[in-house]
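Each ligand, and each atom within it, is numbered from 1 in the order the structure gives.
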Amino acid sequence: MSQSNNQQWPKTALGFFPTPFHELPNFSALYPENRVFIKRDDLTGLATGGNKTRKLEYLIGDAMARGANSIITAGAQQSNHCRQTAAACAMKGLKCHLLLGGQKPETYTGNLLLSHLLGAHIHFTGDNRKGEDIRPLMEKLRQAGDKPYEVPYGGSNLTGAMGFVEAAGELQQQLKDHDLNIDYIFFASSSGAMQAGLMLGMELYGMEAVLMPVNIDKEELADNKLENHMQALCKEGKEKLALKDPDKPVAMPLIHDFDKSGYGVVTQNETDAIRQLARHEGIILDPVYTARAFYGMMHYLGSGLLKKQANVLFWHTGGIPATMHYAEELTRL
Ligand SMILES: *Cc1c(COP(=O)(O)O)cnc(C)c1O
């Protein structure tokens, strides 16, 4: 991106980029009509990696540019976003406050355990699961002389989405280097910033692949909440990136055929996906996000719904520590 963009979007390096891009030869062989590739955002760094690293490079960059000394964010106890925020804060010498829904468990596991090891101050917020308590805590910290900065739930504002505007350009360069075209991009969509960022980035860089976002949390769909949020991000992003027609609503693809069991519920779909990728390619999917999205892709690959000879990309968004939290369900796999 240009110099002026760099000033508008201060950024701090937190991960290893570009993330690897490669073919899945053994898995592809199951679908002779298609070639299947993977983008490895599970390998971004930040205490086992994940897609939030891209958002945090912009969010923490913004916080540091504003002179903040502490970061506040919120999520579920197994939030990958909170764990990567805790790691970013440790790297940059910032205090980290995590507001996590539910009660304090006796033993920490998965992402919660890592957030604790990374030195985050963890506040258990009971039924306030989506950051309702951020503002009161900000006020309290300010009164104590801190300079807190709020990272929204899931890192899901335009600043965070800029990480995926940039990611589109990163993928475009890798496709050029491999002399390849990708027809479809499958990934897990939840708070909407990855999706909005990729949509903006693909427009900015003139890329033509069809996005196939697999919805994870059906509750986000109520009252068009997620759709409205993504529309707002796209409008603001188009204005700031000087793209055309910022006021025109964009077509917002979202596959909701695989979210019926509810957020964080591991079904046969997820275990099928985990088994396939682990045993054909030696790559681990998490049971909440990436396995649900990968299963969605398997469904499309097996159904004849994709165009013939299509090249298909799966964007791996991380989530590995959650696997350890779901040991009971996955032991039965
Ligand atoms: C947060 C997350 C997503 C979804 O990204 P959003 O930008 O919130 O839509 C997908 N996969 C994993 C593993 C995540 O942690």
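- Using bins of under 30°, 30° to 60° and over 60° for the plane-to-plane angle, the ring pair Tyr295/Phe258 lands in the perpendicular bin.
- Taking the six-membered ring where the residue is Trp, His97 and His121 present parallel rings, their angle staying beneath 30° rather than reaching 60°.
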Step by step, work out the ring-ring contact (aromatic ring centres under 6.0 Å, His included) result for Tyr300 and Phe186. CA-CA 10 Å; Tyr300 274 85; Phe186 284 87; 5.7 Å; yes

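- Aromatic pair Phe187/Phe164: ring centres not closer than 6.0 Å.
- Electrostatic pairing of Glu219 and Lys225 does not count as a salt bridge here, judged by no charged N lying under 4.0 Å from a carboxylate O.
- Listed by chain and residue number, the protein contacts of ligand 1 are Asn51, Lys52, Lys55, Asn80, Ala188, Ser189, Ser190, Ser191, Gly192, Ala193, Met194, Tyr289, Thr317, Gly318, Gly319 (heavy atom within 4.0 angstrom).
- Clustering of Ile, Leu, Val, Met, Phe, Trp and Tyr side chains at separations under 4.5 Å places Leu59 together with Leu14, Leu46, Leu56, Ile60, Met64, Ile71, Met91, Leu94, Tyr149, Val151.
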